[in-house]
Amino acid sequence: MTQPLTGKQILIVEDEPVFRSLLDSWLLSLGATTLLAGDGVDALELMTTSKPDLMICDLAMPRMNGLMLIESLRNQGDQTPVLVISATENMADIAKALRLGVQDVVLKPVKDFNRLKETIFACIYPNMFNSRVEEEERLFQDWDALVGNPQAAANLLQELQPPVQQVLSGCRVNYRQLVSAENPGLVLDIAPISSQDLAFYCLDVTRAGNNGVLAALLLRALFNGLLQEQLSHQRQRQRLPEMGALLKQVNQLLRQANLPGQFPLLVGYYHSDLKNLILVSAGLNASLNTGDHHIQISNGVPLGTLGNTYLNQLSQRCDSWQCQVWGAGGRLRLMLSAE
């Protein structure tokens, strides 16, 4: 049987010898051929005679770091796909890497190699995968311009709003803004995680001025990756995701991105096979109606207010539900029915 990466050459640029050797052995087992470099200088030298199908690159390295390496390649017109695997917690570095056109960013330590394999396939075979990579690149390639042009940021955010009716992960989903306004108020994003589960969030962008819109754009680009990481940890224990832990990560990322303000946020997760809904609120009021139950969710403390998060969470089994969310930015009703 042909191995999935047969015929593909991958350049590993990593200064940590143990992780470099681990990646090398793993990629060879999938059929790839590999090139190894300890830093950006070695990588540039190798690429004078080789044209890899993918470069896997760390950011923090001696002599020439990953950002300098990627920038050097792009300045030469080299568009080799790049997957960054890094332990950085600096959002500015991640944003710059995405602006330079890398395909994806994976954070160390890498614990789910099946997920890493899917990411590598998506980098090498982009037309075979439905991903939001192009959208993420669009968000970050003009990040500095968006920071300096609040109206352009608001217009882009409006363009990225999901359809009001769609079928995702075996569920029929629709929503309605109950208060319309020219300026963004409550911003919704909803996306499939797999064929059985989906996630969504609602962010009130009115409490942080221009930073609210920027936070919504940042969250749209990074939310799915953060949730996938959380799910990979919990699947090993056969548990549902810890959405509270996810919100703590988002709170830290907003601080690292230097976006001060208050960011009322509600996140949700629904598994269509288990019929299980999880809702977590940090600053937004919500009510849940399942037909059998009507539950009020108190608002908690908006993200960005404190270093820690103070959340309200509920978990409910249901085939269909309606969730109304409200805050300073208006009201929104989200409805879901498992098919």
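The minimum heavy-atom distance between Ala338 and Tyr270, with the atom names listed, is CB-OH, 4.0 Å. Contact detail for Leu254 and Phe263: the closest heavy-atom pair is CD1-CD1, 3.7 Å. The shortest non-hydrogen separation linking Cys123 to Leu54 is CB-CD1, 3.9 Å. For Ala43 against Leu69, the heavy-atom pair with the smallest separation is CB-CD2, 3.9 Å. Contact record, Gly327 with Leu284: CA-CD2, 4.0 Å, taken as the closest heavy-atom pair. For the pair Val173 and Leu198, the tightest heavy-atom approach, listed with the atom from each and the gap, is CG2-CD2, 4.3 Å.
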Candidate pair Cys202 and Val187, rule side chain to side chain contact (heavy atoms under 4.5 Å, CB included), full reasoning: CA-CA 5 Å; Cys202 186; Val187 173; over 6 Å; no

Working for side chain to side chain contact (heavy atoms under 4.5 Å, CB included), residues Trp321 and Leu277: CA-CA 9 Å; Trp321 46 266; Leu277 170 68; 3.7 Å; yes

Candidate pair Leu219 and Leu303, rule side chain to side chain contact (heavy atoms under 4.5 Å, CB included), full reasoning: CA-CA 12 Å; Leu219 191 57; Leu303 298 188; over 6 Å; no

Side chain to side chain contact (heavy atoms under 4.5 Å, CB included) evaluation trace for Gln9 with Leu35: CA-CA 7 Å; Gln9 185 180 69; Leu35 298 168; 3.6 Å; yes

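Ser169 contributes a side-chain N or O that, together with a main-chain N or O of Asp197, makes up a donor-acceptor pair within less than 3.5 Å. A distance-only check finds no donor-acceptor pair linking the side chain of Arg255 to the backbone of Leu259 [under 3.5 Å]. Counting only distance, with no hydrogens or angles, the side chain of Asp204 and the backbone of Gly329 share a donor-acceptor pair below 3.5 Å. Side chain of Tyr175 to backbone of Leu336: no donor-acceptor contact under 3.5 angstrom is found. Side chain of His271 to backbone of Asp273: a donor-acceptor contact under 3.5 angstrom is found. Remark: the backbone N or O of Val82 is paired with a side-chain donor or acceptor of Gln103 at under 3.5 angstrom. Side-chain atoms of Ser50 do not come within 3.5 Å of backbone N or O of Pro52 as any donor-acceptor pair. Without hydrogens or angle criteria, Arg63 side chain to Val41 main chain gives no donor-acceptor distance under 3.5 Å. When atom types are taken as modelled, the side chain of Arg317 and the backbone of Leu274 share a donor-acceptor pair closer than 3.5 angstrom.
Remark: Glu45 CD is loosely packed, at most 12 non-hydrogen atoms of other residues, nucleotides or ligands lying under 6.0 Å away.
Across Leu30, Leu83, Leu28, Ile56, a single residue satisfies side chain to side chain contact (heavy atoms under 4.5 Å, CB included) together with Ile10, and that is Ile56. Each of Val84, Ile12, Leu73 was checked for a side chain to side chain contact (heavy atoms under 4.5 Å, CB included) with Met55, and the lone residue meeting it is Leu73.
Residues Gln296 and Asn285 are not in side-chain contact: their nearest non-hydrogen atoms beyond the backbone lie 4.5 Å or more apart. In this structure, Leu279 and Cys323 have side chains that are in contact, with non-hydrogen atoms separated by less than 4.5 Å. For the pair Leu116/Leu23, a side-chain contact is recorded, criterion being any heavy-atom separation below 4.5 Å from C-beta on. Using a 4.5 Å heavy-atom threshold, the side chains of Asn276 and Ile278 count as touching. Counting only heavy atoms from C-beta outward, the side chains of Leu266 and Phe200 approach each other to under 4.5 Å.
No side-chain donor-acceptor contact under 3.5 Å links Asn114 and Glu118. For the residue pair Asp319 / Ser337, no side-chain donor-acceptor distance below 3.5 Å is found, with atom types taken as modelled. With 3.5 Å as the limit, one finds no donor-acceptor pair spanning the side chains of Asp292 and Thr290.
For the salt bridge (charged side-chain N to carboxylate O under 4.0 Å, His left out) condition, no pair includes a residue of residues 15-33, sequence neighbours left out.
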